[in-house]
Amino acid sequence: MKLKREFFERDTLEVARDLLGKIIVREIGERIIKARIIETEAYCGVEDKACHARHGKTKRNAPMWGPAGFTYVYLCMGLHNLLNIVTGEKDQPEAVLIRGIIPLTGTSEKFKSYGPGNLTKYLKINRGLNNHDTIYSRQLWFEDDEFAIALKNITSAPRIGISYAAEYRHKPWRFILKI
DNA sequence: AGTAGGATGGGCT
DNA sequence: GCCCATCCTACTC
């Protein structure tokens, strides 16, 4: 079942946790690529000193202010496309970063790791899919396949690469699913 | 107009 | 662990 807008309109921390075990589906012409989400990070609005939205609205981070369920894809370190999904209410600049996946298709392709910058390569996602509505999309959307998650297999931890974020650097807003 | 610094990943030591 | 590829954004002047 495709995830609906309501799924993403909830509290960002809940969405980040609930995305664990869900499927990302990427359709390119005849080809379908699927992957299960196993790691996410929540970025919680202007008050979150690690969030791109902390300095206000810019051309880059504008999608975060839009409706939930849209993508926010941006270039990191000049070479990595990172995939976020906008969450919470409109005008609340919150999003969940997809940090880790397990590929379910096309495993013959050699990708050694599936960190946030590499999973977009596997899924063939770049900034052309920025600000893209996944709810009505034929190119990129999320699905629940009833995959059972045991709560004990979910852990949380501080987010990666945000040491500048003052008191927010220690917030356990990264969620990891052990399969 | 110029520049510093990233929500990184891979390879080598 | 350290280094480096690589380039856009936002801030400063």
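Source: prediction; values computed, not measured. Chain naming here is simple, since letters A, B, ... match the order of the sequence lines and numbering starts at 1 in each.
Ring pair Phe142(A)/Phe7(A): centre-to-centre distance not below 6.0 Å.
Both tests do not hold together for Arg5(A) against Phe70(A): distance to the six-membered ring centre under 6.0 Å, angle to the ring axis within 45°. Stacking of Arg36(A) on the aromatic ring of Phe147(A) is recorded, both the 6.0 Å distance cut-off and the 45° axial limit being met.
If you take NZ of Lys59(A) and C1' of dA10(C), they are 13 Å apart, rounded to a whole angstrom. Atom CG in Leu119(A) sits about 8 Å away from atom P in dG9(B), given to the nearest Å. One atom, CE of Met64(A), and another, C1' of dA7(B), lie 10 Å apart when rounded to the nearest Å. Counting to the nearest Å, the P atom of dT6(C) and the OH atom of Tyr74(A) are 19 Å from each other. For the pair Arg54(A) CZ and dG6(B) C1', the interatomic distance rounds to 9 Å; values are reported in whole Å. Between the CG atom of Leu79(A) and the P atom of dC8(C) there is a distance of 11 Å, rounded to whole Å. Whole-Å rounding puts the His52(A) NE2 to dG6(B) P distance at 10 Å. Between His55(A) atom NE2 and dG5(B) atom C1' there is a gap of 11 Å when expressed in whole angstrom units.
Nucleic acid contact for Arg127(A): sugar-phosphate only, since backbone atoms but no base atoms lie under 4.0 Å from a heavy atom of the residue. Contact annotation for Arg60(A): backbone-only contact, meaning every heavy-atom pair under 4.0 Å involves sugar-phosphate atoms and none involves a base. Residue contacts shown for Ile162(A) are limited to sugar-phosphate atoms, with no base heavy atom under 4.0 Å away. At a threshold of 4.0 angstrom between heavy atoms, the contacts of Gly78(A) include nucleobase atoms, whether or not backbone atoms are also involved. Contact annotation for Ile160(A): backbone-only contact, meaning every heavy-atom pair under 4.0 Å involves sugar-phosphate atoms and none involves a base.
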* To do: Could you walk me through whether His80(A) and Thr120(A) pass side-chain hydrogen bond (donor to acceptor under 3.5 Å, both in side chains), step by step?
  => CA-CA 8 Å; His80(A) 299 292; Thr120(A) 53; over 6 Å; no
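Considering only side-chain atoms of Asn118(A), the nucleotide from dG6(B), dA7(B), dG10(B) that sits closest is dG10(B).
Between His80(A) and Leu75(A), the residue anchored closer to the 5' end of DNA chain C is His80(A), taking for each the nucleotide with the nearest heavy atom.
Both distances falling under 3.5 Å, in either a Watson-Crick or a G-U wobble arrangement, occur for no nucleotide opposite dT6(C). When both distances must be under 3.5 Å, the Watson-Crick or G-U wobble mate of dC12(B) is dG1(C).
Between Tyr164(A) and dA7(B), a side-chain N or O to OP1/OP2 separation shorter than 4.0 Å is present.
Under the 4.0 Å criterion applied to side-chain N and carboxylate O atoms, Glu143(A) and Lys22(A) are not assigned as salt-bridge partners.
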